[in-house]
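Before any comments, here is the structure.
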Amino acid sequence: MSQGFDFSIAIGGAAGQGIATPGNILARMFVRRGLHLNAYNAYQSIIRGGHILLTMRVREQEALSHGDHIHLLLCLNQDTMTRHLRHLGPGAYAVYNADNITPGEHQDGVHLCGMPVTELTGDAKNKLAQNTAALGVIAHVLGLDFEVLESALTLQFQRKGEAVVSSNVAVARAGYEYSSANFTPLANPLPQNPDPLAVWTGNDALAMGGAAAGVKFYCAYPMSPSTGVLHWMAKNARELGIMVRQVEDEIGVANMAVGAAHTGARTMCATSGGGFALMTEAIGSAAMMEIPVVFINVMRAGPSTGVPTKTEQGDLWQALGASQGDFERIVVAPQDAHDAFGTIAEVFNLIDRYQCPAIVLSDLLISEGTFSVPPDDIDMSPPIERGKLIRESNGDAGPYNRYLDTADGISPRAVPGVPGHVHVVATDEHDEEGILISDEFTNPIKRRQMVEKRARKLDDYFTRVAAPEVEGDEDAEVTLVGWGSTAGVIAEAMEQLQADGVKVNRLAVKWILPFHAEAVTEALSGARKTLIIENNHSGQFHRYLRSETGITADGHIRKYDGEPFMPHHIADGVRAHLAGDVSGGVFVPDQEILV
Amino acid sequence: MSQGFDFSIAIGGAAGQGIATPGNILARMFVRRGLHLNAYNAYQSIIRGGHILLTMRVREQEALSHGDHIHLLLCLNQDTMTRHLRHLGPGAYAVYNADNITPGEHQDGVHLCGMPVTELTGDAKNKLAQNTAALGVIAHVLGLDFEVLESALTLQFQRKGEAVVSSNVAVARAGYEYSSANFTPLANPLPQNPDPLAVWTGNDALAMGGAAAGVKFYCAYPMSPSTGVLHWMAKNARELGIMVRQVEDEIGVANMAVGAAHTGARTMCATSGGGFALMTEAIGSAAMMEIPVVFINVMRAGPSTGVPTKTEQGDLWQALGASQGDFERIVVAPQDAHDAFGTIAEVFNLIDRYQCPAIVLSDLLISEGTFSVPPDDIDMSPPIERGKLIRESNGDAGPYNRYLDTADGISPRAVPGVPGHVHVVATDEHDEEGILISDEFTNPIKRRQMVEKRARKLDDYFTRVAAPEVEGDEDAEVTLVGWGSTAGVIAEAMEQLQADGVKVNRLAVKWILPFHAEAVTEALSGARKTLIIENNHSGQFHRYLRSETGITADGHIRKYDGEPFMPHHIADGVRAHLAGDVSGGVFVPDQEILV
Amino acid sequence: MTIELREKPLTAKDFKGKVDPDWCPGCGDFALLRATQMSVAELGLSPHQIVCVSGIGCSSNFPGYFNSYGMHTLHGRALAVATGVKMANQTLTVLVTGGDGDGYGIGGNHFTHTARRNVDLTYLVMNNQIYGLTTGQVSPSSSLGMKTKSTPFGNIERPVNPITSAIMNGATYVGRGFSGNIKQLVRLIKGAIEHPGFAVIDVFSPCVTFNRDNTYDFFRQRVAPLEDEGHDPSDWKSACERAMEWDDRIYTGLFYQDQAVQSLHAREPILDGGAPPVSHVPEAITREQRDRIVRRMM
Amino acid sequence: MTIELREKPLTAKDFKGKVDPDWCPGCGDFALLRATQMSVAELGLSPHQIVCVSGIGCSSNFPGYFNSYGMHTLHGRALAVATGVKMANQTLTVLVTGGDGDGYGIGGNHFTHTARRNVDLTYLVMNNQIYGLTTGQVSPSSSLGMKTKSTPFGNIERPVNPITSAIMNGATYVGRGFSGNIKQLVRLIKGAIEHPGFAVIDVFSPCVTFNRDNTYDFFRQRVAPLEDEGHDPSDWKSACERAMEWDDRIYTGLFYQDQAVQSLHAREPILDGGAPPVSHVPEAITREQRDRIVRRMM
Ligand SMILES: Cc1ncc(C[n+]2csc(CCOP(=O)(O)OP(=O)(O)O)c2C)c(N)n1
Ligand SMILES: Cc1ncc(C[n+]2csc(CCOP(=O)(O)OP(=O)(O)O)c2C)c(N)n1
Ligand code: SF4
Ligand code: SF4
Ligand SMILES: [Mg+2]
Ligand SMILES: [Mg+2]
């Protein structure tokens with residue numbers, strides 16, 4: 001907040017009121033100016049009605065969370081006004097259609113910007129006119145020239161023809177002019193950074209990470225909040241030569257993925273908790289057959305169907321316990337969209353090396369959030385290392401054992417079609433040749449050999465994957481530990497605490513399994529007070545951290561109401577913990593903005 | 001071993017050679033004499049061929065494991081002789097058909113009891129004659145009157161008619177007489193205890209526990225080693241009025257069980273790891289809808305299809321991580337067949353009280369083992385407490401809220417059909433009335449309320465379920481910690497160690513989740529050296545113990561070759577640990593008897 | 001409000017649920033809801049005698065809008081749960097409501113096996129040929145070539161035919177309705193509830209938000225009630241043949257019925273001779289039962 | 001032993017796997033194994049060109065006994081895995097082998113959807129009307145009344161009819177064989193492999209250990225080859241009708257074939273015009289592709 005422009009616009013209304021369009025137009029306008037964006041959309045599992053609140057934070061600096069405040073509230077219905085006007089502080093704006101929305105009690109200094117929409121547009125029937133008029137008001141309040149908005153509108157509507165463009169431009173202009181005549185613009189108008197940014201969602205980033213890593217087979221069954229990955233893949237399939245299949249269920253997805261991966265195609269699929277539950281058996285099978293596949297679980301609030309449009313970090317133990325028996329796999333929880341993009345390529349190289357499945361834990365906050373990204377950061381040519389893969393005949397006529405017990409546990413992996421390498425992979429325990437050990441005599445010695453061979457594959461894992469590090473103040477009073485998507489909001493909470501003079505640092509864990517137990521123990525050994533921050537009820541990460549290191553945290557900040565942390569929730573929790581004000585060790589912030 | 005008669009008979013041959021029949025006859029003979037039995041059958045996942053070794057330990061005292069030794073080896077084929085003759089010590093017997101099996105090198109003092117089967121029976125074609133003749137030899141060697149065997153044979157074959165009985169009796173008699181003429185019987189013949197015992201498998205015990213608890217709906221999809229529960233249920237269904245359904249897959253099983261349980265019937269189902277993976281989504285749904293169902297997972301060696309006929313304690317984390325999100329459930333791992341029987345009734349009372357699912361972790365060792373049981377211990381009228389269940393109209397015409405937010409978190413549960421209590425249960429998050437919170441407005445306050453209501457249900461759990469206790473020497477050098485099926489074999493290892501002068505005690509954990517963290521921490525606080533014993537590779541229980549208590553064990557004894565621990569494996573491991581002889585902290589015994 | 005205390009017969013209104021549907025205005029599912037409410041009222045059923053089981057989807061929100069016992073279960077699993085309900089308490093009237101994705105996609109295996117078992121359920125599928133709740137992906141009943149968010153270049157998988165599939169799998173009452181014809185729907189639903197076996201009604205229930213191809217208009221131009229065709233519902237071949245027609249003429253009505261096949265609970269030996277439901281028999285087993293079992297173990 | 005180096009044509013023997021079958025002596029599965037080995041040899045295929053995918057069951061042990069690439073996957077999932085294999089590398093010949101429980105029980109949903117997609121696979125089901133590997137429980141194709149370990153009082157669920165079900169779900173080559181007639185099996189299998197779409201052959205493969213009802217004798221007394229009947233495989237109605245006969249006469253042979261329907265990979269836009277398999281195209285995307293994507297994000 002201290003550094004430069006930092007402004008949050010919230011657009012509220014019901015499903016079906018067309019919130020997405022003004023949201024998109026504003027987002028494009030902001031990133032074209034080189035401003036950073038972090039947008040969170042709070043919505044319900046219905047197609048019409050309910051209450052949606054899209055919060056778009058725009059910032060000169062990187063925006064690591066959707067922030068704490070609403071500086072401008074666009075109310076598309078009375079409900080939004082009623083719910084949120086009280087969250088506006090002095091200097092904030094409420095923009096609304098004065099024809100049918102009335103403001104209520106509010107703090108001093110709030111700018112009430114009622115628009116006489118029917119009068120402005122001369123059209124009482126067009127329900128979407130208020131949205132466009134409001135864009136005019138917002139552009140004016142932000143200190144933009146109308147041309148900036150005009151060209152954004154043109155771009156947005158050009159597919160729909162000239163008439164749509166010009167009528168929208170006219171309505172927006174009326175709003176802009178009305179605002180110029182009646183409302184006070186921001187003292188510090190919207191700045192401009194030199195380099196324009198791009199915009200993506202976390203699901204776009206996951207999909208693009210896959211495309212960059214060379215995914216050539218993607219299959220899925222739709223499930224919120226993971227469906228965006230499928231949509232991106234489907235849209236870009238033809239251009240990129242990616243085979244995209246929608247399958248009858250998640251069991252089919254996971255097994256089809258195993259089949260495709262076995263042929264040599266880099267293969268990925270995504271789902272959410274319930275679909276992931278159905279995939280678990282196949283994940284174990286991939287591990288036993290030693291086939292690399294990426295399974296993405298985009299977490300939403302559970303248990304069971306739960307709250308399909310709300311976020312949670314509730315599937316950690318499901319990922320850890322996916323499928324029976326002990327087996328090799330990688331579990332990783334990216335920290336934001338940008339990180340998700342890069343993680344996918346990294347994970348593919350790892351699983352091609354180790355010939356095992358990977359589970360990527362994203363969540364609704366990352367996956368459905370909209371974020372700016374510097375276009376040059378989108379490196380879609382990462383190194384591609386496929387490990388001991390044999391896709392073409394190498395002229396080697398010697399005997400081929402798929403599960404050769406090598407020193408590093410990793411066996412050369414031939415795909416079907418290669419002459420001279422015919423073999424059978426099996427989910428039953430097998431010997432080096434791939435013959436089932438229970439076929440004739442279930443040899444305990446061979447069994448033990450194969451368990452140990454597979455386990456050995458990951459021996460050099462920690463030399464290849466970066467351990468998490470403590471970041472922030474050196475001699476901190478308090479160390480905040482998070483995992484996955486809370487990294488950014490924790491960083492912002494730290495800024496707030498540091499501004500208050502609290503010395504604080506952070507350990508943000510991303511690579512979950514195998515766990516960097518030594519590095520984490522070392523990192524936390526100097527911590528004076530360790531607080532764990534999790535978006536779930538039971539402290540799943542804390543229990544896992546303890547299972548791997550024995551470390552017991554000093555306190556917890558948890559949230560399990562479906563909404564993500566805002567920075568002040570964490571900062572408040574830290575303050576309460578430091579003040580010794582937390583009974584039972586767990587601070588649970590209240591969600592003030594009821595979305 | 002020190003106390004009284006303790007004798008192990010092993011019968012080895014190929015699948016299809018009819019090992020079960022002599023096994024059954026001997027088992028019945030033993031338990032009718034009031035002797036204890038613990039039998040482990042090592043077999044393969046094939047219907048014919050392979051190598052089967054049935055080890056039957058018969059003891060005056062309770063037999064807590066299948067023991068360490070073979071005192072009499074009945075070889076039905078050469079393979080068995082070749083594999084196992086070397087495991088016989090002085091005084092042990094090898095019984096075999098001398099017509100086609102030749103003994104090899106052996107220790108001094110082994111009694112080689114070759115039977116000239118064709119000569120004895122006058123029939124070169126009856127492949128099963130050797131089995132019956134061997135029973136005659138064994139009866140003689142054990143010092144039994146022939147009449148005891150004769151009546152056992154009569155009972156076994158009477159369904160097949162007089163001719164079959166008399167021909168079998170004749171062959172057995174020939175064996176008995178040949179043995180009397182040629183072999184030395186045991187110095188201490190088979191004793192007789194006053195009260196006859198009964199015999200069951202662990203799967204019988206699980207099924208009977210269900211029947212006793214009032215299970216009226218049982219459904220399953222066959223999967224080794226859990227199928228015995230289905231077979232027991234199917235056989236006894238009609239007599240006990242239990243509805244038994246075989247379903248198209250485990251997903252159908254789990255969901256059908258949820259439906260039946262919701263109507264008010266006590267409902268149970270059983271499977272193994274792979275089927276359990278498919279059930280997990282439904283387990284989460286039962287928790288969210290607050291419907292009590294018992295899900296049994298009989299563990300076998302994994303991962304994936306793994307070694308279907310071999311044992312392992314490898315699905316602990318799968319049980320802990322079953323389904324997405326945080327939710328209430330009970331996980332329990334019975335310690336033997338007897339315990340399994342009683343646990344089922346206890347668990348049903350708990351889940352009816354707490355309105356949540358339970359996961360019972362058995363394993364192949366318990367479920368497919370054959371054990372003696374004192375008939376009076378089979379109390380099939382345990383207390384049945386169904387909690388806040390409403391199955392009949394109570395005339396109460398007031399409003400009914402299925403998910404009423406009561407002080408203890410437990411809401412009165414009406415089943416369909418009761419007038420005045422109409423409601424909808426849902427896997428989506430809902431309010432007290434059962435209305436979906438995402439239906440109109442996803443209220444974070446209601447969400448939090450419902451999460452906390454459900455979590456509160458288990459608040460008094462620890463007052464109702466016994467905490468594990470340390471048993472054995474007071475001031476022990478070493479404390480052995482196990483869970484589930486290793487309780488018995490650990491106890492026997494302790495006897496061996498104590499006989500050697502090692503002071504040792506044991507903590508055998510059965511109730512897994514919720515975990516008695518305080519009690520266990522307290523119990524282990526005085527331990528001088530803690531060793532954890534697990535039948536898996538990765539130390540699943542150790543990691544879980546640490547996640548709940550922070551306790552790090554001093555060492556481990558693990559086995560993951562598919563075979564169960566024998567007492568000396570553990571005793572050897574303890575000695576090695578005490579001698580500081582274990583590199584890496586994990587002692588892995590060799591499986592000497594290759595079965 | 002129980003059947004015992006009731007003075008005057010219930011009407012469709014009495015089957016309104018606790019909340020109003022949140023379906024999009026114009027969604028085809030409203031019609032099926034209304035038709036079901038009318039049907040159960042006309043049959044004289046009371047809310048507590050009915051259990052309405054659904055999976056997940058727009059259509060699967062049905063139980064929340066319908067006044068009866070309800071279970072809103074997992075995506076694709078409604079038939080499995082409903083079989084558990086019906087078999088554990090055969091005195092209940094069990095309706096199953098859901099979507100095409102729920103029933104023919106992820107739930108396909110339960111559909112097949114429920115049909116061959118002839119479980120006495122009434123299965124109402126709101127077939128909008130799209131995944132509605134997940135905002136418009138291809139469904140197993142989407143037509144070839146259909147463009148959706150997951151098939152932007154057109155669907156390349158031939159659609160299932162729920163009618164022929166239900167008939168060949170063993171369902172004993174198979175009909176097709178259309179949200180544009182409530183009268184026919186009521187006829188079909190009443191027949192289905194009264195039918196003692198597995199009754200499937202596939203209902204064209206247009207998704208006005210995501211399916212631009214299979215609209216009310218599309219169907220209005222094509223639907224032809226079988227009632228007008230002298231169709232004989234005992235003739236499976238003609239039923240299948242008519243069910244396969246799609247282009248110009250799409251038949252609705254009762255395609256197939258076989259009353260001779262016993263339902264699963266009628267065949268179940270432990271329910272012989274009108275035994276009480278297992279949900280309500282005493283849990284405890286008798287001393288004699290126990291002794292017989294233990295004797296066999298000795 | 002690769003196709004390039006080969007001097008003389010391969011014979012059935014060359015398709016013997018690394019181990020001998022551990023099936024019970026007399027098990028029907030031996031015949032199908034032999035017939036498949038003969039078929040691929042006669043078609044001139046090499047082991048490395050074939051992938052044989054199975055689930056779990058006695059019959060599913062097939063790939064271990066057959067010399068080709070093989071995947072012995074999860075119970076019920078063979079068709080899903082095989083679809084992944086075929087679609088990722090359409091140049092491979094993909095056989096799927098398994099049991100009735102595997103295919104029609106737990107695997108039923110994949111069966112339905114693989115059929116409607118017309119994936120170019122050859123699916124050989126060793127139907128013994130029992131669960132063999134788990135030692136004899138009822139299967140979805142067990143006859144009514146059959147006594148098994150899980151139905152000691154007799155099966156009360158009507159069996160599936162794999163032939164009518166395959167036809168109605170969209171399989172484009174549907175046959176039935178019998179382990180007692182290897183010649184016919186070879187004809188059927190060769191036709192299935194050559195057929196460009198989803199080919200299903202349901203094979204009566206007696207389980208001599210657990211099924212005492214459906215024995216070799218049972219079938220020998222009843223089987224009637226369709227070849228002798230002048231059956232027209234393009235006529236689905238007659239195919240279904242004949243497939244439903246069971247009591248005295250049970251038809252075997254090719255029931256149905258439709259060569260007009262394109263297979264899934266033939267319809268797949270990204271494989272247009274003989275594109276190479278996605279399993280073997282370079283992973284890296286081009287700078288131009290990247291730039292086009294990023295431009296759309298700005
Ligand atoms: C296991 C699982 N997978 C996916 C989903 C996501 N999901 C919810 S509804 C739905 C499909 C809805 O389509 P349909 O059944 O046709 O119902 P409609 O919304 O069209 O009425 C899907 C895929 C889920 N809830 N659970
Ligand atoms: C998920 C899962 N459920 C159950 C099993 C156990 N299982 C193995 S094979 C089999 C059925 C075998 O029957 P079928 O498919 O007809 O093959 P058959 O042995 O008769 O050839 C079952 C239930 C399993 N391996 N995986
Ligand atoms: S999205 Fe379609 S199916 Fe869902 S409520 Fe709206 S119109 Fe109905
Ligand atoms: S049990 Fe039956 S199916 Fe299995 S191998 Fe033996 S005969 Fe064949
Ligand atoms: Mg639909
Ligand atoms: Mg079978």
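A, B, ... follow the sequence lines: proteins, then strands. Residue 1 opens every chain. Because the structure is predicted, anything quoted here is derived from the model rather than measured. All values below come from the heavy atoms of this structure, side chains included, with hydrogens, waters and symmetry mates left out.
Of the two parts of B:Glu392, only the side chain, counted from C-beta on, holds a non-hydrogen atom closer than 4.5 Å to a non-hydrogen atom of chain C. Using a 4.5 Å cut-off between heavy atoms, C:Leu74 contacts chain B through both its backbone and its side chain. Within the 4.5 angstrom heavy-atom criterion, atoms from both the backbone and the side chain of B:Val415 approach chain C. Contact of C:Ile50 with chain B is not made at all, since no heavy-atom distance falls under 4.5 Å. Proximity to chain B (any heavy atom under 4.5 Å) is restricted, for C:Leu271, to the side chain, taken from C-beta onward. Proximity to chain B is limited to the side chain of C:Arg117, based on heavy atoms less than 4.5 angstrom apart. For B:Arg386, the part lying near chain C is the side chain, with the backbone staying farther off; criterion is any non-hydrogen pair under 4.5 Å. For C:Val281, the parts lying near chain B are the backbone and the side chain together; criterion is any non-hydrogen pair under 4.5 Å.
Here the side chain of C:Gln289 pairs a donor or acceptor atom with the backbone of B:Glu239 at under 3.5 angstrom. No side-chain donor-acceptor contact under 3.5 Å links B:Arg245 to the backbone of C:Thr83. The backbone N or O of B:Val418 sits less than 3.5 Å from a side-chain atom of C:Tyr69, completing a donor-acceptor pair. Using a distance-only test at 3.5 Å, with no hydrogens or angles considered, no donor-acceptor pair links the side chain of B:Arg266 to the main chain of C:Glu283. B:Thr427 places a side-chain N or O within 3.5 Å of a backbone atom of C:Thr73 that can act as its donor or acceptor partner.
Residues B:Arg238 and C:Asp272 have side chains in contact (heavy-atom distance under 4.5 Å, counting atoms from C-beta outward). Using a 4.5 Å cut-off on side-chain heavy atoms (C-beta onward), C:His72 and B:His430 make no contact. For the pair C:Met298/B:Val31, no side-chain contact is recorded, criterion being any heavy-atom separation below 4.5 Å from C-beta on. Between B:Trp200 and C:Ile293, every side-chain heavy-atom pair lies at or beyond the 4.5 Å cut-off. For the pair C:Val278/B:Ile242, no side-chain contact is recorded, criterion being any heavy-atom separation below 4.5 Å from C-beta on.
Expressed to the nearest 0.5 Å, how far CE of B:Met208 lies from CD1 of C:Ile285 amounts to 8.0 Å. The CD1 atom of C:Ile56 sits 9.5 Å away from the OG atom of B:Ser285 when rounded to the nearest 0.5 Å. Note that OG of C:Ser68 and NE2 of B:His423 are 10.5 Å apart. Values are rounded to the nearest 0.5 Å. The distance from the NE2 atom of C:His113 to the CD atom of B:Gln246 is 11.0 Å, given to the nearest 0.5 Å.
Residue B:Arg391 qualifies as enclosed at atom CZ: its count of foreign heavy atoms under 6.0 Å is above 12. More than 12 heavy-atom neighbours from other residues, nucleotides or ligands sit within 6.0 angstrom of NZ on C:Lys16. A 6.0 Å sphere centred on CZ of B:Arg159 holds no more than 12 heavy atoms belonging to other residues, nucleotides or ligands.
Listed here is the closest heavy atom pair of C:His110 and B:Asp249: CE1-OD1, 3.8 Å. The two residues B:Ala265 and C:Ala88 come nearest to each other via the heavy atoms CB-CB, 4.4 Å. The two residues B:Pro416 and C:Asn89 come nearest to each other via the heavy atoms O-ND2, 4.3 Å. The two residues B:Met243 and C:Met87 come nearest to each other via the heavy atoms CE-O, 2.8 Å.
The choice from B:Val253, B:Leu240, B:Asp379 that makes the most heavy-atom pairs within less than 4.5 Å of chain C is B:Leu240. Taking chain B as the reference chain and counting heavy-atom pairs below 4.5 Å, the highest number among C:Pro269, C:Ala284, C:Pro277, C:Pro63 is found for C:Pro269. Of the listed residues (B:Val199, B:Val215, B:Leu155, B:Thr267), the one with the most heavy-atom contacts under 4.5 Å to chain C is B:Val199. Interface check for chain B: of the options C:Lys86, C:Arg77, C:Met297, C:Arg290, the most heavy-atom pairs under 4.5 Å are formed by C:Met297. Note on B:Ile435, B:Val258, B:Asp204: by heavy-atom pairs under 4.5 Å with chain C, the leading option is B:Ile435. Comparing B:Gly252, B:Ala237, B:Ala261 by heavy-atom pairs within less than 4.5 Å of chain C, the highest count is held by B:Gly252. When each of C:Arg287, C:Arg296, C:Arg295 is scored by its heavy-atom pairs under 4.5 Å with chain B, the top score falls to C:Arg296. Put simply, of B:Gly284, B:Ala213, B:Gly214, the one with the most heavy-atom pairs under 4.5 Å next to chain C is B:Gly214.
At a cut-off of 3.5 Å, with distance as the only test, no side-chain donor of C:Arg292 or B:Asn236 sits close to an acceptor on the other residue.
Using a cutoff of 4.0 Å between basic side-chain nitrogens and carboxylate oxygens, B:Glu248 and C:Arg116 are not scored as salt-bridged.
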Practice task
Show your working on side-chain contact (heavy atoms from CB on, under 4.5 Å) between B:Ile291 and C:Met71 and close with a plain yes or no.
Solution key: CA-CA 11 Å; B:Ile291 297 172; C:Met71 300 185 76; 3.8 Å; yes
